[in-house]
Participant: 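If you scroll down you'll find the structure; I have some questions about it.
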2 protein chains.
Amino acid sequence: MVDTKENIREKIITVADDLFYRNGYVQTSFSTISEAVGISRGNFYYHFKTKDEILDAVINRRMGNVQRMLDQWETEGKKPEDRIRCFINILLMNKVKIKQFGCPIGTLSTELVKLEHESQEEANKLFTLIRGWLRDQFIALGKKKEADELAMHLLARSQGIATLANAFHDEKFIKNEVKQMNEWLESTIKKQ
Amino acid sequence: MVDTKENIREKIITVADDLFYRNGYVQTSFSTISEAVGISRGNFYYHFKTKDEILDAVINRRMGNVQRMLDQWETEGKKPEDRIRCFINILLMNKVKIKQFGCPIGTLSTELVKLEHESQEEANKLFTLIRGWLRDQFIALGKKKEADELAMHLLARSQGIATLANAFHDEKFIKNEVKQMNEWLESTIKKQ
DNA sequence: GTCTATATTAAGATAGAC
DNA sequence: GTCTATCTTAATATAGAC
């Protein structure tokens, strides 16, 4: 791939995304990113004027990734319950990284709240995107009235699992809880 | 109260505890703490040589607070299920602060993991203390085999609720989920 | 035991040569 | 478009006067 301006910009965002996830936003300095990308710190400012700008670009990138993931689940899962199962199983798919670094959405949100960062709401859109998609699946299951509540419940369960799996560096716990979440889904669908 | 060396040390720990909770560990500087305590930055180093030392003192303080809380629940709740309900209800008791700053134990743990901080394990003892206590309650309920699993499940649910309530700044969500957790407890006790 | 002054380091950010 | 050099600020931490 040729090193056009756009390509380098993309590379910076990819690297920053990963570093923000592994080490947190505050801990990730311009030096760290530019070193990982392989350009000088000075050159860096040609592409991004402030650290906040990189953050917004990273959030934007993650929004795209989440949207693509949801689109894929729409194709993969024929029935809404299958699609919800795709969401639940992502904890299993990413269990190694979750054990090491937690949930990328949850840990970023937690960090930005403490920073009182102005991009808090922007980062929350990642949660909102998934929440709305889950809600749509529950509506398709005929749970229109409780759809949003059920969506939030699943989101919260996932966040809690990620937080504890990360704290205790415990993969087995994820497997166990995913199983229980699937059982919860079964019994919720059957109700009424 | 007289300003003995011990008293000032205690005051520093109390102030640091609060600031770590509200703004995070990294964000809280010596200046911020000393200013809040009302002593000069230079004097500060007479009481604590490094920031890590303050962190350990804060974790230690929190350990004491959690232990006292568990002791109180032992007195308050006659039956183990009542004691577990004390744990569940703490989300409601602290709902305003959780909405604003999340769970003090969970957010510290998340931050220390990203920092790769050496006190990670020390901070995890806060989780472990509650986990063990919950496990004891489930054992008293005759659930010896699944006791630890049930304890972790409750811990994870609480963490997830705190994370999302914090992200969305939503108190109502806490109320809703606490109700569901109590219902889950009822049906879990009844099983078998 | 508390203060002021200062050393040191690293961060975000800019200027200007090439 | 990329670099080196530099500015500015703020943090941890220390030295030494009182």
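Letters A, B, ... mirror the listed sequences (proteins, then strands); counts begin at 1. Only heavy atoms go into these numbers, but all of them, side chains included; no hydrogens, no water, no symmetry mates.
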Participant: Take the protein atom CD of A:Gln27 and the nucleotide atom C1' of C:dA10, then report the distance between them rounded to whole Å.
Facilitator: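 Rounded to whole Å, this separation is 12 Å.
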
Participant: To the nearest Å, how far apart are B:Ile54 CD1 and D:dT12 C1'?
Facilitator: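 Going from B:Ile54 (CD1) to D:dT12 (C1'), I get 10 Å.
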
Participant: Go through D:dC3, C:dG12, C:dG1 for me and flag the one nearest to the A:Ile39 side chain.
Facilitator: D:dC3

Participant: Among C:dA13, D:dA13, D:dC3, which is the nearest nucleotide to the side chain of B:Arg41?
Facilitator: D:dA13

Participant: Would you confirm whether B:Glu122, through its side chain, and B:Ile59, through its main-chain N or O, come within 3.5 Å as a donor-acceptor pair?
Facilitator: no

Participant: Would one find a side-chain N or O of B:Asn43 under 4.0 angstrom from OP1 or OP2 of C:dG1?
Facilitator: no

Participant: Test the B:Lys97-B:Tyr21 pair against the cation-pi criterion, namely NZ or CZ under 6.0 angstrom from the six-membered ring centroid and within 45° of the ring axis.
Facilitator: no

Participant: Counting the atoms with a prime plus P, OP1 and OP2 as sugar-phosphate, which does B:Ser29 contact under 4.0 Å by heavy atoms, base, sugar-phosphate, or nothing?
Facilitator: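 Sugar-phosphate only.
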
Participant: Please give, in whole Å, the distance from C:dG12 P to A:Asp52 CG?
Facilitator: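 Going from CG in A:Asp52 over to P in C:dG12 covers 11 Å.
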
Participant: Do the numbers put B:Arg62 on top of the ring of B:Phe20, so that NZ or CZ is under 6.0 Å from the six-membered ring centre and no more than 45° off the axis?
Facilitator: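 The answer is no; the distance or angle limit is not met.
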
Participant: Please tell me which of the listed nucleotides, D:dA11, C:dC3, C:dA13, lies nearest to the side chain of A:Tyr45?
Facilitator: C:dA13

Participant: Can you identify which nucleotide, out of C:dT4, D:dG1, D:dA13, has its nearest atom closest to the B:Thr50 side chain?
Facilitator: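 Within the option list, the nearest is D:dA13.
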
Participant: It should be established whether A:Tyr46 places a side-chain nitrogen or oxygen under 4.0 Å from OP1 or OP2 of nucleotide D:dT2.
Facilitator: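 Looking at the OP1 and OP2 atoms of D:dT2, neither is under 4.0 Å from any side-chain N or O of A:Tyr46.
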
Participant: Look at all strands and tell whether A:Thr32 reaches a base, only sugar-phosphate, or nothing, counting heavy atoms closer than 4.0 Å.
Facilitator: nothing

Participant: Distance check needed: D:dT2 C1' versus A:Ile12 CD1, whole Å only.
Facilitator: 12 Å

Participant: Return the value, rounded to whole Å, for the distance between atom CD of B:Glu35 and atom P of D:dA10.
Facilitator: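 Those two atoms, CD and P, are 13 Å apart.
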
Participant: To the nearest Å, give me how far apart CG (B:Asn7) and C1' (C:dG1) are.
Facilitator: 14 Å

Participant: Among C:dC3, D:dT12, D:dT2, which nucleotide has an atom closest to any side-chain atom of B:Phe30?
Facilitator: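 Minimum distance to the B:Phe30 side chain belongs to D:dT12.
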
Participant: What heavy-atom pair brings A:Gly106 and A:Phe127 nearest, and what distance separates the two atoms?
Facilitator: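 Minimum heavy-atom separation between A:Gly106 and A:Phe127: CA-CZ, 3.8 Å.
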
Participant: For B:Thr28, report the nucleic acid contact type (base, sugar-phosphate, nothing); a contact means any heavy atom under 4.0 Å.
Facilitator: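 Contact class for B:Thr28: sugar-phosphate only.
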
Participant: Could you tell me if B:Arg131 sits above the aromatic ring of A:Phe168, with its cationic atom closer than 6.0 Å to the ring centre and no more than 45 degrees from the axis?
Facilitator: yes

Participant: Calculate the interatomic distance between B:His47 atom NE2 and D:dT12 atom P; express it in whole Å.
Facilitator: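 From B:His47 NE2 to D:dT12 P: 17 Å.
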
Participant: To the nearest Å, how far apart are A:Ile33 CD1 and C:dA10 P?
Facilitator: 17 Å

